[in-house]
Amino acid sequence: MKNSLIIALDFASKQEVFQFLDRFEGESLFVKVGMELFYQEGPAIISELKEKNHQVFLDLKLHDIPNTVHKAMKGLARLGADLVNVHAAGGSEMMKAAIAGLEAGTPSGLVRPRCIAVTQLTSTSEEQMRAEQLIPVSIEESVLHYASVAQGSGMDGVVCSTWEAGKIRSELGPDFLTVTPGIRLSSDATQDQKRIATPETARLAGVSSIVVGRPITQASDPVASYKRIKEAWEGVSLT
Ligand code: C5P
């Protein structure tokens, strides 16, 4: 789970996904299935990816009453995803229910999927958080607070931006996962992301794993782009 480069498979159909993955010629990857793909293709997409030896982060960001999240997670645990998530804003009771649901649904003899909590979306700016969520503190304080509540509720880690990951790591320990989207090479377009960072910055901040979507999926040569980002993330010299 640590030091992974997770590719966000933000495609609308299974056909597009497998066309994209075919370019990697059998390489075992860590991929993320989000709402777009899951809502079109359903649970079968998870087992198909697992059959091809990919690790899967099922990014459905659950946020509902504890009982509903418990039941949903019980079902998701049977699908074989390696990593799932919830919104920390759902509260500690909901997060505890998520873990209990995963434990109840994991087939015996298998490890339950890791579960992380989204703190503040990387597309949210501090101004937006203050104006729309009426949270008067800095975004860093809000993320750190959510991370500490998530840890206290039994979560395995959080989704945050690279900018908060170092502090989370020093306050909550290196075993608490920090998974950061919003990764861009300095030459990439920002798109809708606001709190972005390069793979090098993420590595130096001690991030556990990075999530990269459009800089790879929409590149003219996705495999070359994946390799460049992976080398920067792993600290391999390009010269
Ligand atoms: O294309 P891009 O690299 O921006 O993709 C980032 C991925 O990470 C998207 O699938 C998005 O849903 C997801 N994500 C995010 N911010 C979060 C949690 C997940 O961008 N806080």
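Both counts, for ligands and for their atoms, begin at 1 and track the order of listing. Side-chain atoms are counted along with the backbone in the values below, which use heavy atoms only and exclude waters and symmetry mates.
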Looking at Glu36, Gln191, Arg184, the heavy atom closest to atom 4 (O) of ligand 1 belongs to Arg184
Check whether Val118 and Ile183 end up in the same hydrophobic cluster, where Ile, Leu, Val, Met, Phe, Trp and Tyr are linked by side-chain heavy atoms less than 4.5 Å apart.
no
Tell me, yes or no, whether the heavy-atom count around Glu93 atom CD, taken from other residues, nucleotides or ligands under 6.0 Å, exceeds 12.
no
Would you check if the side chain of Ser209 reaches a backbone N or O of Leu5 as a donor-acceptor pair within less than 3.5 Å?
no
Would you say Arg112 and Asp156 make side-chain contact, with heavy atoms under 4.5 Å?
yes
Mind checking whether Phe11 and Phe20 have parallel, tilted or perpendicular rings, split at 30° and 60°?
tilted
Tell me whether the count of non-hydrogen atoms from other residues, nucleotides or ligands lying under 6.0 Å of NZ in Lys194 goes above 12.
yes
Of all the non-hydrogen atoms in the protein, which one sits nearest to atom 7 (C) of ligand 1, and at what distance?
Lys32 CE, 3.8 Å
Assess the residue pair Asp221 and Lys227 against the criterion (salt bridge (charged side-chain N to carboxylate O under 4.0 Å, His left out)); give the C-alpha distance rounded to whole Å, side-chain angles, the decisive distance to 0.1 Å, and a yes or no.
CA-CA 10 Å; Asp221 184 344; Lys227 285 190 177 150; over 6 Å; no
Test Ile139 against every option in Gln128, Arg130, Glu164 by the side chain to side chain contact (heavy atoms under 4.5 Å, CB included) rule and name the one that passes.
Glu164
Tell me the protein heavy atom at minimum distance from atom 3 (O) of ligand 1, and give that distance in Å.
Gly213 N, 2.8 Å
Does any N or O of ligand 1 fall below 3.5 Å from an N or O anywhere on Ile183, backbone included?
no
In terms of heavy-atom contacts, does NZ of Lys61 have more than 12 from other residues, nucleotides or ligands at under 6.0 Å?
yes
Heavy atom under 4.0 Å from ligand 1: found in Asp10's side chain, backbone, both, or neither?
side chain
Is there a polar contact between ligand 1 and Asp192, counting only N or O atoms under 3.5 Å apart?
no
Please compare Gln193, Arg214, Lys194 and report which has the shortest non-hydrogen distance to atom 6 (C) of ligand 1.
Gln193
Numbered atoms of ligand 1 (with element) below 4.0 Å of Val159, judged on heavy atoms:
17 (C), 18 (C), 21 (N)
Ligand 1 atoms in contact with Pro215 (distance to a heavy atom under 4.0 Å):
3 (O)
Nearest heavy atom to atom 12 (O) of ligand 1: which of Gln120, Lys61, Gln218, Arg195 does it belong to?
Lys61
Could you see which bit of Ser123 sits under 4.0 Å from ligand 1, with heavy atoms only: side chain, backbone, both or neither?
neither
Residue selection (non-hydrogen contact nearest atom 16 (N) of ligand 1) among Ile6, Val118, Thr122
Thr122
With a cut-off of under 6.0 Å to the ring centre and 45° to the axis, is Lys52 in cation-pi contact with Phe18?
yes
Any heavy atom of Gly182 closer to ligand 1 than 4.0 angstrom?
no
Residue, atom name and distance, where the atom is the protein heavy atom closest to atom 14 (N) of ligand 1
Pro181 CG, 3.7 Å
Could you tell me which atoms of ligand 1, counted from 1 in the order shown, lie closer than 4.0 angstrom to a heavy atom of Leu121?
17 (C), 21 (N)
